[in-house]
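Reading through the structure tokens given below for one structure.
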Amino acid sequence: MGMFRRRRAERREPPHQLVDEAKAHPGGWVYEIDRDMVGDPNGAVPPEAIIGAWQVDACGTLSGDYQANPNYRPRATGR
């Protein structure tokens with residue numbers, strides 16, 4: 001079924017950092033996090049701060065499979 005319950009058909013270019021991070025996680029997933037929603041970069045990430053995930057193949061390369069997080073809730077701008 002994938003990382004998230006519902007799958008949105010969406011094409012998205014991965015951020016450069018995730019391409020590098022994929023090399024360290026062959027056969028897994030890498031996640032795009034909304035950093036504005038995470039106070040401590042080394043702390044816990046709330047589920048609604050995960051924008052989406054890319055699958056990583058056995059060689060550590062992004063496979064192109066992207067799953068948007070249906071629970072992602074960006075903060076309203078204009079704070």
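Just so it is clear, the values below take in all heavy atoms, side chains as well, and ignore hydrogens, waters and symmetry mates.
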Can you confirm whether Glu32 sits close enough to Pro15 that some side-chain heavy atom of one is under 4.5 Å from a side-chain heavy atom of the other?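 Side chain of Glu32 against side chain of Pro15, heavy atoms only: contact under 4.5 Å found.
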Applying the side-chain contact (heavy atoms from CB on, under 4.5 Å) criterion to Leu18, which one of Val30, Val56, Ile33 satisfies it?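 Between Leu18 and the candidates, side-chain contact (heavy atoms from CB on, under 4.5 Å) is satisfied uniquely by Val30.
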Rounded at 0.5 Å granularity, tell me how far CG in Asn69 sits from CG in Asp34.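 Reported value, rounded in 0.5 Å steps: 11.0 Å.
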Can you tell me how far CG of Leu62 sits from CD of Glu21, rounded to the nearest 0.5 angstrom? 10.5 Å
Taking every non-hydrogen atom, the tightest pair across [X] and [Y]:
| X | Y | answer |
| --- | --- | --- |
| Trp29 | Asp65 | CZ3-O, 4.4 Å |
| Arg73 | Met37 | O-CE, 3.3 Å |
| Cys59 | Pro26 | C-CB, 4.4 Å |

Side chains of residues 38-55: which donor-acceptor partners sit under 3.5 Å, not counting sequence neighbours?
unit_1: Asp40; atom_1: OD1; unit_2: Asn42; atom_2: N; d: 2.9

